[in-house]
Amino acid sequence: MADSGAPAAGPEAPAGKKPGFEVRLANFTGPFDLLLGLISKHQLDITEVALSTVTDEFIKYIKRLQNLGEEWALDEASEFLVIAATLLDLKAARLLPAGEVEDEEDIALLEARDLLFARLLQYKAFKHVAGMMGATLELEARRYPRQVALEGHFAALLPELLWRHTPQQFAGLAEAALKPREAAPTEVGLAHLHGTPVSVKEQAELLGHRLRLGAPLTFRALIADAESTLVVVARFLALLELFRDKAVAFEQLLPLGDLTVRWTAGVEGWSSGNLSEEYEEQQ
Amino acid sequence: MNHTRNGDAAGHPAPEAQAAAENDDGPDVGSLPGGARAALEAVLMVIDQPATATELASGLNLTVGVVEGMLVELQREYNGYTVNAPDVDDASFNGFSATPRGFELRNIAGGWRIYSRTEFADIVGGFVLEGQTARLTQAALETLAVIAYRQPVSRARVSAIRGVNVDSVVRTLTQRGLIEDSGTDPESGAILYRTTSYFLERMGIGSVAELPQLSPHLPGLEGIEEFYDAGRM
Amino acid sequence: MNHTRNGDAAGHPAPEAQAAAENDDGPDVGSLPGGARAALEAVLMVIDQPATATELASGLNLTVGVVEGMLVELQREYNGYTVNAPDVDDASFNGFSATPRGFELRNIAGGWRIYSRTEFADIVGGFVLEGQTARLTQAALETLAVIAYRQPVSRARVSAIRGVNVDSVVRTLTQRGLIEDSGTDPESGAILYRTTSYFLERMGIGSVAELPQLSPHLPGLEGIEEFYDAGRM
């Protein structure tokens, strides 16, 4: 028993809590949280962590929980995804040759790495204070406030209620209160979308490249390979920009007919640097 | 209560020591700061309904006799140690122990509860009336409407329907005599509320059956549970 | 309060005598047994949510300064006269005045209120059915933490920080009365959430400024954090 070598819960798992997910790697064995802690304290290099192994183990772990009928598997799984995705991003950034910082791309890469790290730390910080808040709430729940009903003679002092509601009006109130609420109006959350931003500038370059080489093309042809509506919109906006820069001309023979686009600026006559700033800022 | 009863009838000698010695299965009130007396005070301070000495004794894991002794002792202490009526006119200030407190421990129909002292009724009454309006707030009206149409119903369920915490509104409605406690839910143990006859009086109807019918499409309690409780943690 | 103000700023000397001399239209708290202090206690017995010193003072017809002095005095007295934290371990029994009472007077969420002492939670819990709320899940706690530290904040923002959809958790926290709608963001039109005074009460603090600093848990990230947040939204 002493030499079984496969402890169910690490020594770090606090007593009384469910043992959490444990990672077993060549260079590290212990709770997932501890792994994060070490990475954030720079005591373990993210590049030396085999993330695929971590993920495999986690999937096994979740499956075991599901087999046991544990309900909180989903909670833990989504949390794992957040952290694992961040680690993966972080690792990708770290594995790229760092070298010396020479151009803007390197700086951008460094920034991205910092941001990823910041995101991980921020997440961990909130997790930590959430734990502290939980402990405080539990401690405070051991105090019971005095909130007793008003003694009869005081209740009798209260002014007589003004009641002006007819039963029909009252029923109206009940109808309104009992009606299932639509999901509360909120902004359309975009934060969870990770669609690649489409750049009008890039699309303009692409269109320029196609048009200046040869014959006029229809708009239909120009968007034939667009993978999303967003790209169609970006190409359309790019054409308007090009038109304003007098780099293209439009022809439309019939109302609602095909729009033909012709390059007019010559081979070297236009570059995407001409594009107005407004699109660059918004992407 | 179900323990040895030695010595409880003979005065009230050091209940703390006794408690510590007697109990080994329940909470050991004697070892806590202030001892059994403070534990009793803690309970008395927060209970809403008067509790009998027997109920208190079983909660404290002490004999009824010991608890009765402490109750009388506390009662006298709150009254300022004067045996009968407090010596009102003098109001001499030689240490707190001789001064009556602002609250008193009363034994009404066998139950004990702490009340504000009768002498301060005018001041307390003025405080209670301050800021009181004769009108129910919109939140109170809506909560009342939900209770009227879904009674008997727990606060948690009303909260789930309204999407907000209704604790203080339910207290107001109870205080106003519009709703009342109608027992506890056998499953959850939560207190269930129903409307009172005073509510019917104010509505000018004879029974809740006379309330106008609601649209049949509104979710009943079962539906609501699915709608709103799914996300409960 | 609306009377002559002589002497109220200079400490809190014998409030009873002062009150008795000054007031002729309001209740004369000084002439009652136990004086103003007991009157204050009497009022504390009937409030069902924290009351500010100002509210209490106006009900008692005393100055805020006098009432604040008495509140602190009562608080200390209930704690057994120890100056700071009650000297719990000692529990020396030399007369009642040195013993902590079973209840305490606390100043939280901007107001004063009487609570049972934590030591007796197990015993008191047996008598108080209500108020025992289920524990929050880790997901709910983390969401609550983000809202507490970033309020007012939209759900989308909280989602971005936590990396998961928080809609149902936000609904639960609202139902529990821990957070509330605090209007909409002028730019995005999104509902913004903030913590409630009930949250402060449950945390036992006076304001969100008393929450532990987040920065020790966020080493060297002051600038980056803003940069990150700006980029996300």
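Chain letters run A, B, ... following the sequence lines, proteins first, then strands; residues in each count from 1.
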Report task. Only counting residues at least two apart or in another chain, list the ones meeting side chain to side chain contact (heavy atoms under 4.5 Å, CB included) with C/Ala38. Result -> B/Phe120
Query - Shortest non-hydrogen contact from A/Arg143 toward C/Thr118 - result: CG-CG2, 3.3 Å
Report summary line: Heavy-atom closest pair (C/Glu119 atom, A/Arg142 atom, distance to 0.1 Å) is O-NH2, 4.5 Å
Query - Distance in Å, C/Leu44 CG paired with A/Arg146 CZ, rounded so as to fall on 0.5 Å steps - result: 10.0 Å
Report summary line: To the nearest 0.5 Å, atom CD of C/Glu201 lies from atom CD of A/Glu140 at 10.0 Å
Report summary line: Distance col, row C/Leu178:CG vs A/Met133:CE, nearest 0.5 angstrom, shows 8.5 Å
Query raised in the report: In terms of heavy-atom pairs under 4.5 Å with chain A, which of C/Ile47, C/Ile205, C/Thr143, C/Val146 leads?
Result: C/Val146
Query raised in the report: What's the spacing between C/Arg202 CZ and A/Leu137 CG if we round to 0.5 Å?
Result: 7.0 Å
Query raised in the report: C/Arg162 and A/Tyr123: which non-hydrogen atoms are nearest, and at how many Å?
Result: O-CE1, 3.6 Å
Query - Close approach to chain C in residues 149-156 of chain A, criterion heavy atom under 4.5 Å - result: A/Leu150, A/Glu151, A/Phe154
Query - A/Tyr144 backbone acceptor or donor facing C/Ser116 side chain under 3.5 Å - result: yes
Requested in this report: Give, as side chain, backbone, both or neither, the part of C/Gln49 having an atom under 4.5 angstrom from any heavy atom of chain A.
Outcome: neither
**Report entry** Interatomic distance, A/Phe126 atom CZ to C/Ile147 atom CD1 [nearest 0.5 angstrom]
**Finding:** 10.5 Å
**Report entry** Pairwise distance CD(A/Glu138) to CG(C/Leu136) - rounded to 0.5 angstrom
**Finding:** 10.0 Å
